[in-house]
Amino acid sequence: MMDGSPVRRGLRRLQRLALGRRARTFNEDELRCPAMVFAPHPDDETLGCGGAILQKRRAGAAVRIVLLTDGASSHAHLISRDELKAQRAQEALGAAKVLGVEEADVFLLGFPDGALDSNREAAVARVEDLLRRHRPEHLFVPYARGEHADHVSTNHLVHEAVARVGRPVTVFEYAVWAWRHWPMVGFGRTRRQQRSVLAGTVSTRLGLRILKDFRTKVSLRGVVEQKRAALALHASQMERRDAEPRWHTLHDVDGGEFLPCFFEEEELYRRIDIAAR
Ligand SMILES: [Zn+2]
């Protein structure tokens with residue numbers, strides 16, 4: 001039987017080895033820098049930066065988490081948006097706690113899931129206010145290629161707010177959906193999956209852009225179990241509710257090939273240093 005997955009596992013392994021070899025690890029001073037993590041949806045903070053948040057908190061850095069949207073669209077065909085919104089807010093606070101971030105340092109901006117771009121002006125204003133009040137030196141935002149629309153919007157609007165504030169910061173971009181590109185994952189069976197993987201493949205140029213851009217890393221050594229525990233608290237995304245077969249979870253994405261991308265030896269980031277204006 002032709003099964004592509006051992007081949008793809010091998011390719012992902014090679015991609016990670018190449019990335020890991022070239023990437024530089026955060027040093028102790030960098031781990032101590034105060035940070036603000038911007039997540040388009042609850043769970044992106046854990047998937048993309050859970051290790052960095054844990055390592056920074058261990059080093060004594062202040063870390064704040066900003067959730068841009070309410071995440072209410074993930075299963076809107078199965079439960080009401082209000083119920084899902086409330087559940088995802090609780091899940092996010094629980095996961096943040098496991099990552100070492102108290103409730104007072106989690107900001108739920110509550111913009112509607114899937115519609116961040118149409119709320120762009122209001123979102124930039126909220127982010128600008130948070131940057132001025134808390135003065136983080138490290139910002140974590142989603143990568144702008146191969147990502148869902150709210151992820152790209154988050155990237156753009158944080159950069160816009162940074163430009164308005166005019167203070168020097170270092171931005172670390174993290175990949176979530178951008179890991180999902182051919183040949184690292186298959187094209188899937190449904191039209192929708194195929195379109196999504198194809199879009200990621202084109203915009204990351206078969207992942208070559210990731211190899212070029214992601215040159216900074218944080219080790220998951222000693223924190224990976226806590227990262228898993230934090231992700232498990234995003235139960236709406238991790239467990240099939242009431243055994244409902246249509247309730248999709250992150251385990252289902254790409255036949256289970258997606259989730260392991262976030263539990264490799266290290267998290268990788270694209271680093272962008274922004275000078276004062
Ligand atoms: Zn997301």
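Atoms within each ligand, like the ligands themselves, are counted from 1 in listed order.
- Applying the side-chain hydrogen bond (donor to acceptor under 3.5 Å, both in side chains) rule to Arg145 yields no partners; only residues at least two apart in sequence or on another chain are considered.
- Aromatic pair Phe107/His134: centroids less than 6.0 angstrom apart.
- Atoms ND1 of His41 and OD1 of Asp44, as seen from the Zn ion (ligand 1), are separated by an angle of 140°, to the nearest 10°.
- Looking only at its N/O/S atoms, His151 has NE2 as the one nearest to the Zn ion (ligand 1).
- Within the cation-pi definition used here (under 6.0 Å to the ring centroid, within 45° of the axis), Arg12 does not qualify as a partner of Trp179.
- Between the Zn ion (ligand 1) and His148 there is no N/O/S contact shorter than 2.8 Å.
- A cation-pi contact, defined as under 6.0 Å to the ring centre and within 45° of the axis, is absent between Lys227 and Phe262.
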